[in-house]
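These notes are about the structure you will find just below.
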Amino acid sequence: MILIVTPAPVVGAQGNGVTAQRWAKLLRRLGHEVEVREGYRRGGAPRDALIALHARKSADAVRAFHADHPKAPVVIAMTGTDLYPDLVSAQVDPEVLAIATRLVVLQREGAAQLGPALAGRTDVIVQSGPDIAPRPPRTDRFEVAFLAHIRPVKDPLRPAAAVRLLPAASRTCVVHLGEGRDPKLAARAAAETRANPRYEWRGAVPREEALRVLAGSRLLLLTSLHEGGANVVSEALAAGVPVVSSAIPGSTGLLGAGYPGYFPPGDSEALAALLYAAEEDHGGLYRALKAQCAALRPLVDPEAEKRALARLLRALDLPAHE
């Protein structure tokens with residue numbers, strides 16, 4: 001039995017919970033029994049291994065599991081708020097990382113953030129996207145999906161600020177889906193929705209509805225200050241929707257350093273210029289974004305993620321039993 005613990009609710013649209021459920025499904029396909037829990041409860045049947053999502057928030061679970069199962073392997077999946085801006089600032093306990101048999105990062109640049117001492121036992125597992133049916137985009141406007149819960153690390157008011165700077169002739173508008181985690185920022189997003197015709201925050205919606213909106217959008221927008229490797233980028237690649245993102249390692253590690261859809265984090269003017277250039281396809285920008293994202297589609301194939309998990313299991317001496 002492999003235990004997966006997550007600090008987020010096991011059901012719902014939160015990134016850690018979505019990852020836990022997807023990994024559980026893939027590990028079961030590899031022949032393992034899997035249990036997913038929000039946190040760790042001591043006692044019960046012995047487990048063969050632990051996979052903990054989020055080093056800082058799951059630190060107590062890692063310590064308790066290791067005390068109960070001192071010979072069982074422990075895997076810690078590092079999130080964006082673990083890795084960035086650095087491990088010390090993120091308050092990641094080095095003793096918890098020392099317990100880990102293996103560490104997992106979700107994009108190529110994540111291992112560099114851990115440093116050479118930890119890189120030797122670090123695996124890169126890119127998150128896969130589900131099979132998302134394409135939907136024809138609206139023809140009366142250039143709709144951009146922004147799928148992010150409202151909290152400071154997501155820089156959630158950046159899209160509204162940027163679209164206010166667009167030329168009057170622009171048809172770009174942003175549809176924002178996500179929970180209002182930060183009350184003050186949520187109040188500002190609600191006020192912006194009332195005052196800004198190019199921006200609409202719809203609040204939390206079921207994940208299926210969020211993916212439906214994404215599939216019918218011209219672009220996915222990501223404005224985060226830090227990401228470990230956003231689920232939503234994988235979902236956009238799976239849906240064939242090009243991405244515009246802040247130039248952060250969590251995105252460059254997925255999309256590549258030379259991807260043309262980046263803007264400096266926190267720069268509303270640069271984001272507005274990029275959105276308008278994509279809308280107008282200046283210099284073939286939109287076609288380039290679409291082509292490069294299509295070329296990256298195999299990166300988020302569920303079979304590729306399953307193979308990466310199988311390699312991790314072999315490193316733990318827990319081979320697949322397909």
Side-chain angles (χ1 to χ4, degrees), residues 13-15 18 80 129 132 135 137-138 141-166 170-182 185-227 229-248 250-251 254-255 259 261-279 286 289-290 293:
Q14 295 189 41
V18 170
I132 302 173
R135 295 179 59 243
R138 291 180 56 161
R141 61 186 192 173
F142 191 84
E143 192 165 282
V144 177
F146 180 54
L147 311 184
H149 298 311
I150 295 181
R151 53 196 183 103
V153 73
K154 301 292 185 180
D155 197 13
L157 299 177
R158 190 63 49 200
V163 295
R164 282 183 173 273
L165 302 176
L166 290 169
S170 172
R171 296 178 301 117
T172 291
C173 64
V174 170
V175 174
H176 180 182
L177 307 178
E179 296 175 9
R181 301 275 182 83
D182 183 299
L185 291 175
R188 291 174 61 187
E192 194 69 31
T193 297
R194 294 189 294 269
N196 185 344
R198 296 188 185 276
Y199 170 82
E200 179 186 8
W201 173 44
R202 296 180 184 174
V205 301
R207 185 162 181 260
E208 294 74 16
E209 171 64 10
L211 294 179
R212 189 189 71 82
V213 170
L214 172 64
S217 298
R218 307 277 187 163
L219 292 171
L220 169 79
L221 175 57
L222 188 145
T223 60
S224 299
L225 304 176
H226 304 297
E227 288 283 354
N231 257 315
V232 71
V233 172
S234 295
E235 291 164 349
L237 295 177
V241 176
V243 178
V244 164
S245 173
S246 47
I248 56 174
S251 291
L254 290 172
L255 301 171
Y259 182 72
Y262 298 128
F263 67 95
D267 191 331
S268 299
E269 292 185 0
L271 174 55
L274 184 58
L275 290 174
Y276 191 58
E279 176 189 352
Y286 186 78
L289 295 174
K290 199 164 183 67
C293 286

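What you find for N196 and A160 is that their closest heavy atoms are ND2-O, 3.2 Å. Nearest heavy-atom pair across R141 and V175 is NH2-CG2, 4.1 Å. When every heavy atom of L289 is checked against every heavy atom of P242, the shortest pair comes out as CB-CB, 3.8 Å.
When the shell of 6.0 Å around CD of E269 is examined, it contains 12 or fewer heavy atoms from other residues, nucleotides or ligands.
The CZ atom of R188 lies 13.0 Å from the CH2 atom of W201; values are rounded to the nearest 0.5 Å.
The backbone N or O of V244 sits nowhere less than 3.5 Å from a side-chain atom of Y259 that would complete a donor-acceptor pair. The closest donor-acceptor contact from the side chain of H226 to the backbone of V153 lies at 3.5 Å or more, if one exists at all. Judged purely by atom type and a 3.5 angstrom limit, S246 has no side-chain atom pairing as donor or acceptor with the backbone of I248.
Judged purely by distance below 3.5 Å, without hydrogens or angles, the side chains of T193 and E200 never pair a donor atom with an acceptor atom. Side-chain atoms of R158 and S268 include a donor-acceptor pair closer than 3.5 Å.
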Evaluate the side-chain hydrogen bond (donor to acceptor under 3.5 Å, both in side chains) criterion for residues S251 and E227: first the C-alpha distance (whole Å), next the side-chain angles of each, then the deciding distance (0.1 Å), finally the verdict. CA-CA 7 Å; S251 291; E227 288 283 354; over 6 Å; no
Verdict with reasoning, R164 to E192, per salt bridge (charged side-chain N to carboxylate O under 4.0 Å, His left out): CA-CA 10 Å; R164 282 183 173 273; E192 194 69 31; 2.4 Å; yes
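Contact check on R198 versus E143 returns no salt bridge, with no Lys/Arg side-chain nitrogen under 4.0 Å from an Asp/Glu carboxylate oxygen.
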